[in-house]
Structures are given as structure tokens and as C-alpha cells.
Visitor: 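One structure, pasted below without further comment.
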Amino acid sequence: METKVGIIGAGPAGLLLSHLLHLNGIDSILLEKKSREEVEETVRAGVLEQGAINLLNETGLGSRMMKYGHLHHGIEIQYNNQRFLLNFEELIGKKIMVYPQHEVLKDLIAARMKANGKIIFQANVTSLKDIDSSKPKIEFEVDGEKQELICDFIAGCDGYHGPSRKALPKELLREIEHVYPFGWLGILAEAPISNEVLIYTYHERGFALISTRSPEIQRYYLQVNPNDQLSQWPDERIWSELHARVDLNGWTVQEGPIIQKDIVKMRSFVCETMQYGRLFLAGDAAHIVPPTGAKGMNLAMGDAQVLAIGLQHYYTTGNEQILNKYEKIRLESIWRAQRFSRLMTDLLHHNNKKTSFEQKIQFAELNYVTTTVTGATTIAENYTDISVNLPAELQKNLTAIKS
């Protein structure tokens, strides 16, 4: 089996890359270890930056998003029993879209199927070979049958635990990780929408986030000990904590049956070795951010966009100049996103190990971003459009990848 670009992983990075390549007549084959049903039905959070909204609309993928997604003009930050609106649209003229990641994946898969794109589900990739040659290979199994995909380039979009990053020479790996002393307990509840925009709450009992998935399904988060078990958090305790942390006079969190709950540990991770030979890493294979800054899916889409431009340029000119800059271009955005995610995490979480001085600084920072135009604008600029913002040197190539 042969193709121009072999893509491992049907997440936002892999599927978007395959779609963008198709728009330029570049063949790809995508290998995904899960079934199509698993990919489409695994509920994941999703906040899209303005650049991601524009990209999906401009490449023919935005119709369901614009119909079923929730355009938000800003967010609210709450602390000391006060709530402050940061109106992004008024501050910088940009919005965000609350549209779950699995819905984005449904749209991407549908587009690839409509275009007769080749996606092989339930394909277990066993090894990557000859990645420093002109014809790298991906070995995989489907229903116990061993197969091989020969390609010009490999895009490793297979997540943190996938085989792509493991194929890089260990002596060249530059990996950086930071673990936060917080965990997030997330729930899905069958309840009406609590608020028109997301509410980020600092409370001495811990952070809380009020988000939404649909008019009928809401997504709420609580800061918890990262080592907590779900058995420690019966439904009654969850609702009690949400009310304690977020309710205000005349306003309360909307309750309903909890249909899903999980606890995730908060960490940041960057593999700065994003390319070697003909292998390129994208998405969670290369970086993970705490969800506080809403950057995960946007970073993945930014990776796909830059990589697509580089591949389009190569197949048009035979020049690898842009491809060779992929790592450098993306790391700038990735570290900006890591910085913002760290800022939001430290700003909004309660840490009883902080000194009195550090706690006072935290409250001063909360006051600065909620009561001054400059502080609010800083949040707005970073929240709405840093992960998929192309550098000037690539702007001239942008039109080429859009239908």
C-alpha cells in the first residue's frame, strides 16, 4: 500500500491534515486504532478560537458548527462572590465557539468519506521504519493481518501514548513536562444551560468551571486532589461543591442527572523534537496543555494547518523550506499557549501551599484582569486566537490550502 502522506491518528490534527491535503490534490491514508464509532462517540471538551472557526468555515467544514455550536462573545471570571464579564467581542472584535471535539471529528470524518478519503479504522500501528529515508514505512495490523504503508512523509497525530514519538531517536528527544498539584473532576449533566458564557471561578474551596455542550447537556468541572477517586465524589457531594463555589445571590447552577464523570490530572508537556527525517509530530503526540486555557484542540489544528502548507509547498515546488521550519514555527505558538494555560491555571486555582504574599499577588492579578481594560484585553487576545495564528511568512501560502 502506498500514498504520499501516511497519517497516524484520527484526532483533530490527523483528520484536518488529511482534509487540507485533499483540497490540494495530495493523497493521504489515515490509520486509526479505534473504530469509527469510538472516535465519534467519545465525548470531549471543545472551545474553538476565532482562527479555528474561520479555518473550518473557509475549508467547507463549518455548517454543523455554525448551526449547533454556541458562539460566545466572552467569558466571566468570578471571585469574592463577584462576577466579571470579559467581553472579547467588544475588547478585540473576536469570539469563541463552544463546539465539542467529537462533533468536530464527526464533521471531518464525514467530509473525508464524502471525498472518498481513505481512513482505515481499527488499524494497530506496530512500527515506523526508515523515517530518515525518502520512503518511510508504517507497519500495522488489521484483524490480525500485517500490512505496510509506504509513503513520502509520515504525520504522527496519534496522541501522547502513540507509536510516532517513540520512533524518534532517543538521543534527539527534547521533552519537557510540568505537573500541576491539581486535578479536575468533570461531569456531564442533563440540565438546561446555566449561563450564556463560560464561568471561570476562583474559590477558597477550589476552582470551578461552568461550561456547556448543548441546550440539554452541560459540562461542569471542579478542582479536586489529583489522587482522588470517583468513589469519593458521589453526586450529592458534587452538587454541594458546585453550589458552594459558584452560586451567587439570585443565581444558581442548574442541576440534572449526572450521566458521566471523570477525574484528570493537570499537566503540561512539550516534545520539542517535532520533526525528524520524514516524520512530523502533531497534536497531543507533541504537546499537552492543562484545559484551563482551552488550547488543546486549537493547537492540534494549528499543527495541521502549518504542516499542510509545508506539504503543499513541497509538492508544488519540490522545496522543503517550509517543512523544515515546521518545528520552529509551531513551537512559538505552542509555548505561547503553554504560557497562557499556566497563567490561567495559577490565576484561578486555590493552592493552600502558597504563602500569604503569593496569595495576595494572585488576588491582585484577578483584580487586574477583571477591572482594567489592559488586563482584560490580555486575556481576550490570548484566549481567542494564538494557537492557530499563522506567522507572516506563511500568510501568502494560506490561500492555497483553502477551497
Side-chain angles (χ1 to χ4, degrees), residues 3-9 11-30 51-52 54-56 58-59 61 108 112 117 128 130-136 138 149-158 164-165 167-168 172 174 270-287 297-337 386-403:
T3 191
K4 290 182 178 178
V5 183
I7 303 172
I8 308 173
L15 284 165
L16 180 60
L17 175 61
S18 181
H19 176 71
L20 296 177
L21 293 176
H22 163 72
L23 295 182
N24 286 274
I26 301 170
D27 294 332
S28 67
I29 294 178
L30 194 153
N54 297 344
L55 179 64
L56 292 177
E58 291 163 357
T59 56
L61 297 166
L108 284 162
R112 297 304 298 124
L128 283 64
D130 304 325
I131 60 175
D132 56 352
S133 74
S134 61
K135 287 293 179 181
I138 306 172
L149 176 61
I150 303 171
C151 41
D152 298 335
F153 299 93
I154 297 175
C157 311
D158 47 352
S164 295
R165 192 174 69 256
L168 295 169
L172 297 180
R174 306 188 309 276
V270 178
C271 177
E272 291 196 317
T273 313
M274 294 183 66
Q275 62 186 103
Y276 173 78
R278 291 295 183 94
L279 170 63
F280 296 82
L281 301 184
D284 286 359
H287 43 73
M297 179 164 55
N298 296 286
L299 281 177
M301 294 173 68
D303 293 345
Q305 188 177 23
V306 174
L307 188 51
I309 292 174
L311 289 165
Q312 185 272 337
H313 183 71
Y314 169 79
Y315 282 110
T316 302
T317 67
N319 190 317
E320 297 186 31
Q321 181 180 7
I322 295 179
L323 280 176
N324 291 336
K325 292 181 178 180
Y326 168 73
E327 179 179 282
K328 180 178 182 297
I329 291 170
R330 289 308 299 149
L331 283 174
E332 181 176 343
S333 290
I334 289 164
W335 279 114
R336 283 187 63 192
I386 61 173
S387 298
V388 293
N389 189 24
L390 287 177
E393 63 185 298
L394 293 191
Q395 290 292 345
K396 62 181 180 181
N397 299 91
L398 182 58
T399 304
I401 71 162
K402 293 180 176 178
S403 59

Visitor: Enumerate the residue pairs fulfilling salt bridge (Lys or Arg N to Asp or Glu O under 4.0 Å) with a member in residues 11-22, sequence neighbours excluded, ordered by first and then second residue.
Guide: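 Not a single pair qualifies under salt bridge (Lys or Arg N to Asp or Glu O under 4.0 Å).
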Visitor: Which value, rounded to the nearest 0.5 Å, describes the distance between L15 atom CG and L108 atom CG?
Guide: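 The CG atom of L108 is 5.0 Å from CG of L15, to the nearest 0.5 Å.
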Visitor: Passes side chain to side chain contact (heavy atoms under 4.5 Å, CB included), L331 versus V270? Steps please.
Guide: CA-CA 9 Å; L331 283 174; V270 178; 4.0 Å; yes
Visitor: What's the shortest heavy-atom distance between L21 and S28, and which atoms?
Guide: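 Residues L21 and S28, closest heavy atoms: CD1-CB, 4.2 Å.
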Visitor: Once rounded to the nearest 0.5 Å, what's the spacing between atom CG of L16 and atom OG1 of T59?
Guide: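 Here the interatomic distance stands at 6.5 Å.
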Visitor: Would you confirm whether R330, through its side chain, and L299, through its main-chain N or O, come within 3.5 Å as a donor-acceptor pair?
Guide: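 Judged by distance alone, yes, a pair lies under 3.5 Å.
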Visitor: If the condition is side chain to side chain contact (heavy atoms under 4.5 Å, CB included), which residues does A282 pass it with, not counting sequence neighbours?
Guide: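 A282: side chain to side chain contact (heavy atoms under 4.5 Å, CB included) contacts with A13, C157, D303, Y326.
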Visitor: If the threshold is 4.0 Å, N to carboxylate O, is there a salt bridge linking D152 and K135?
Guide: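 Between K135 and D152 there is a salt bridge, with a charged N closer than 4.0 Å to a carboxylate O.
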Visitor: Determine whether Y276 and D132 make a side-chain contact, defined as any pair of heavy atoms from C-beta on separated by less than 4.5 Å.
Guide: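 Yes, close enough: below the 4.5 Å cut-off.
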Visitor: Measure the CZ-CE distance between R174 and M274 for me, rounded to the nearest 0.5 Å.
Guide: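 So the gap between those two atoms works out to 10.5 Å.
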Visitor: Which pair of heavy atoms, one from L17 and one from A155, lies closest together, and at what distance?
Guide: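 Reported closest heavy-atom pair: CD2-CB, 3.5 Å.
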Visitor: Salt bridge (Lys or Arg N to Asp or Glu O under 4.0 Å) with K4: which residues, sequence neighbours excluded?
Guide: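 Per chain and number, K4 pairs via salt bridge (Lys or Arg N to Asp or Glu O under 4.0 Å) with no residue.
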Visitor: Could you measure the distance from the OH atom of Y314 to the CD atom of E320? Nearest 0.5 Å is fine.
Guide: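 CD of E320 is found 5.5 Å from OH of Y314.
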Visitor: Of all residues at least two apart in sequence or in a different chain, which pass the salt bridge (Lys or Arg N to Asp or Glu O under 4.0 Å) check with R112?
Guide: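 Counting only residues at least two positions away or on another chain, R112 forms no salt bridge (Lys or Arg N to Asp or Glu O under 4.0 Å).
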Visitor: Go through it in stages, so that I can follow the logic: the residues are L307 and L20, the test is side chain to side chain contact (heavy atoms under 4.5 Å, CB included), and I'd like the CA-CA distance, side-chain angles, deciding distance and then a yes or no.
Guide: CA-CA 10 Å; L307 188 51; L20 296 177; over 6 Å; no
Visitor: Taking side chain to side chain contact (heavy atoms under 4.5 Å, CB included) as the test, write out the residues that go with D27, two or more places apart.
Guide: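 Applying side chain to side chain contact (heavy atoms under 4.5 Å, CB included) to D27 gives T3.
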Visitor: Is there a side chain to side chain contact (heavy atoms under 4.5 Å, CB included) between C271 and L281? Walk through the geometry before answering.
Guide: CA-CA 9 Å; C271 177; L281 301 184; 4.1 Å; yes
Visitor: Could you check whether any side-chain N or O of Q275 sits under 3.5 Å from a backbone N or O of L323, counting only pairs where one atom can act as donor and the other as acceptor?
Guide: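 Side chain of Q275 to backbone of L323: a pair is present.
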Visitor: Within the side chain of S164, is there an N or O that forms a donor-acceptor pair under 3.5 Å with the backbone of D158?
Guide: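 Side chain of S164 to backbone of D158: no pair is present.
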Visitor: Ignoring hydrogens, what is the shortest heavy-atom contact between A285 and R165? Give both atom names and the distance.
Guide: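 Result for this residue pair: O-NH1, 2.9 Å.
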Visitor: Would you please test M301 and L56 for side chain to side chain contact (heavy atoms under 4.5 Å, CB included) and show each step?
Guide: CA-CA 10 Å; M301 294 173 68; L56 292 177; 3.7 Å; yes
Visitor: About how many Å separate CZ of R336 and CD1 of I386, when rounded to the nearest 0.5 Å?
Guide: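 CZ of R336 is found 5.0 Å from CD1 of I386.
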Visitor: With side chains defined as the heavy atoms from C-beta onward, is the minimum distance between L128 and I8 less than 4.5 Å?
Guide: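 Result yes, sub-4.5 Å side-chain heavy-atom pair found.
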Visitor: What closest approach, in Å, do A300 and H287 show between heavy atoms, and which atom pair accounts for it?
Guide: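 So the minimum-distance heavy-atom pair works out to N-CE1, 4.1 Å.
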Visitor: Would you list the pairs meeting salt bridge (Lys or Arg N to Asp or Glu O under 4.0 Å) in which at least one residue belongs to residues 12-21, sequence neighbours left out?
Guide: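 Pairs touching residues 12-21 that pass the test: none.
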Visitor: Using 0.5 Å steps for rounding, measure from the CD1 atom of I26 to the OG1 atom of T316.
Guide: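 The CD1 atom of I26 sits 6.5 Å away from the OG1 atom of T316.
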